[in-house]
Amino acid sequence: FLNIPVLDADGTNSQNQLVSISGLTKIGQATTTTVVLHYLGGKKTTLTWPNPAASPKLLLSVQSAVHNESNNGKIYKL
């Protein structure tokens, strides 16, 4: 799993959410603020950042987190 911080409307960290990497088939940076995780069966999860970052910065960040998590079997914080 990836441990994703979730921000509330005023931009403060209100909680964390676990996002599965099981069945992950593709990771893509759709915009300067979003990365989309594609899963077997066609399901998708979109991760959104509050501040834009030029491609592929967000993509590489998520790919690295997935790689680290899959190698050690622990929850990895993004």
Side-chain angles (χ1 to χ4, degrees):
F1 289 93
L2 299 178
N3 187 11
I4 310 293
V6 178
L7 302 179
D8 59 19
D10 65 3
T12 59
N13 188 359
S14 59
Q15 62 183 350
N16 287 343
Q17 183 166 348
L18 296 178
V19 175
S20 177
I21 63 165
S22 179
L24 193 60
T25 60
K26 178 181 167 186
I27 303 169
Q29 184 169 343
T31 69
T32 58
T33 59
T34 62
V35 169
V36 180
L37 306 177
H38 299 262
Y39 297 91
L40 293 171
K43 293 183 179 182
K44 297 178 187 177
T45 297
T46 301
L47 307 177
T48 304
W49 275 257
N51 301 311
S55 182
K57 186 175 181 179
L58 299 178
L59 175 63
L60 294 175
S61 174
V62 173
Q63 286 176 332
S64 177
V66 168
H67 176 76
N68 288 339
E69 196 286 332
S70 63
N71 283 339
N72 67 25
K74 297 180 180 176
I75 295 171
Y76 188 85
K77 285 188 175 186
L78 256 182

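The analysis underlying the following values was restricted to heavy atoms, covering all of them including side chains, and did not include hydrogens, waters or symmetry mates.
- Partner of Gln17 under the side-chain contact (heavy atoms from CB on, under 4.5 Å) criterion, chosen from Leu47, Asn3, Val6: Val6.
- With values rounded to the nearest 0.5 angstrom, Asn16 atom CG is found 12.0 Å from Leu2 atom CG.
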Could you list the donor-acceptor pairs under 3.5 angstrom formed between side-chain atoms of residues 28-37 and any protein atom two or more places apart in sequence or on another chain?
unit_1	atom_1	unit_2	atom_2	d
Gln29	OE1	Leu58	N	3.4
Gln29	OE1	Leu59	N	3.1
Gln29	NE2	Thr31	O	3.1
Gln29	NE2	Ala53	O	3.3
Thr31	OG1	Thr33	N	3.1
Thr31	OG1	Thr33	OG1	3.4
Thr31	OG1	Thr34	N	3.1
Thr31	OG1	Thr34	OG1	2.8
Thr34	OG1	Thr31	N	3.3

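- No side-chain heavy atom of Ile4 sits less than 4.5 Å from a side-chain heavy atom of Leu18.
- Distance NE2/His67 to CG/Leu60: 13.0 Å, rounded to 0.5 Å.
- Under the side chain to side chain donor-acceptor pair (under 3.5 Å) criterion, no residue pair touches residues 18-27, with sequence neighbours excluded.
- A search for side-chain hydrogen bond (donor to acceptor under 3.5 Å, both in side chains) contacts involving His38 returns nothing, not counting sequence neighbours.
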